[in-house]
Asker: 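Here it is: the structure, laid out below.
Order of appearance sets the numbers: ligands from 1, and atoms from 1 within every ligand.
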Amino acid sequence: MRTRFAPSPTGPLHLGHAYSAIVAHDMARAMGGEFLLRIEDIDQTRARPEWERLIFDDLTWLGLSWDGPVMRQSERMQAYRSALDRLWSADLLYPCTCTRRDIAEALGAPQEGTPPGPDGPVYPGTCRDVHCGGMPCSMRPRPADQHLRLDIGAAAGHLGHRIDRSGGRTFGLPFLETGPAHQGEVFTSREDYLTRIGDVVLARRDMGTSYHLSVVVDDAALGITHVTRGEDLFDATPIHVLLQRLLDLPTPVYHHHRLVRDEQGKRLAKRDDARAIRTYRDDGATPADIRRMVGLA
Ligand code: GLU
């Protein structure tokens, strides 16, 4: 068993991060497994070395030790490029020049009762058919300076034979969830992929990768068997499972834990500096106090 904590060094760790790190760490120790640390710093405009140092310092203070070397995503660009090349060669990606505004205009007024997908509004597909001039995109070199979207319809077709049919019902791609809110096998149907997720961006113009692509490539590279993370990422998981299938990577078990909220029930945001672990430390709190505050004592 191997799990990880994967913070972005874009601000101080707060109680929500501490909870996430403790849950993953304690689960690994209880199962005789390993707890790894990965620094998710693909957004180089927001990541800072001083935040990274504070992450190491806060985790150590909390009494959490991690196994093996720390993985840093900014050093993994070659692995992301290889994964994108593979998807590009299979004609599963296309370049997109739409701005947020273009997308909003193409979608018109938000449809009532249709919640946005894990990455916001479901992309209307404007660039899908026009960009490679009707030719397979793979006949051209992959552009490095444009958004690249996953053609989710083509991806579902590519996996067609592996989207199981059982008793006349079509099931989608499954993953095993052990978190408190959705225990058991979770299936996402082809229809859900098309209508609720859509053509997500896998490489951002300014980064050359994306959260979804990097997390999938890196969890596999680290041999993660159990992904422990916040419930806010539950809806992104079908995207990760699909990418694992497309890239022939194993699907780990997922454990989406509850989120730490303030007295008003509002989720603690990263820039909620008043609740930084550092601030509690400066005020004389102990690691045991932090465990109590997040409901783990
Ligand atoms: N880096 C992400 C965050 O800080 C977590 C990613 C994950 O655990 O998959 O929210």
Asker: With heavy-atom distances below 4.5 Å as the criterion, would you say the side chains of D129 and Y94 are in contact?
Answerer: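 Side-chain contact under 4.5 Å: no.
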Asker: Going by the atom numbers of ligand 1, which of them fall below 4.0 Å from some non-hydrogen atom of V215?
Answerer: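 Listed by number with element: 9 (O).
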Asker: Pair T60, D57 - check side chain to side chain donor-acceptor pair (under 3.5 Å), show working.
Answerer: CA-CA 5 Å; T60 306; D57 197 44; 5.9 Å; no
Asker: With the threshold set at under 4.0 angstrom, would you say R4 reaches ligand 1 through any of its heavy atoms?
Answerer: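 Yes; R4 lies near enough to ligand 1 that a heavy-atom distance drops under 4.0 Å.
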Asker: Please verify whether a non-hydrogen atom of Y211 lies at under 4.0 Å from ligand 1.
Answerer: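 Yes.
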Asker: For the pair C98/C127, is the SG to SG distance below 2.5 Å?
Answerer: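 Looking at C98 and C127, their sulfur gamma atoms do not lie closer than 2.5 Å, so the answer is no.
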Asker: Just jot down the ligand 1 atoms closer than 4.0 angstrom to any heavy atom of S8, in number order.
Answerer: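 Contacts of ligand 1 toward S8, numbered from 1: 1 (N), 4 (O).
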Asker: Report yes if some N/O of A6 lies less than 3.5 Å from some N/O of ligand 1; otherwise report no.
Answerer: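 In this structure, A6 places an N or O atom under 3.5 Å from an N or O of ligand 1.
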Asker: Working to the nearest 0.5 Å, report the span between OG1 of T10 and CZ of R46.
Answerer: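 Here the interatomic distance stands at 4.5 Å.
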Asker: Within 45° of the axis and under 6.0 Å from the centre of the six-membered ring of Y19, does NZ or CZ of R258 qualify?
Answerer: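 Yes, cation above the ring, under 6.0 Å and within 45°.
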Asker: For atom 6 (C) of ligand 1, state which one of E40, Q73, R229 supplies the nearest heavy atom.
Answerer: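 Looking at heavy atoms only, the winner is E40.
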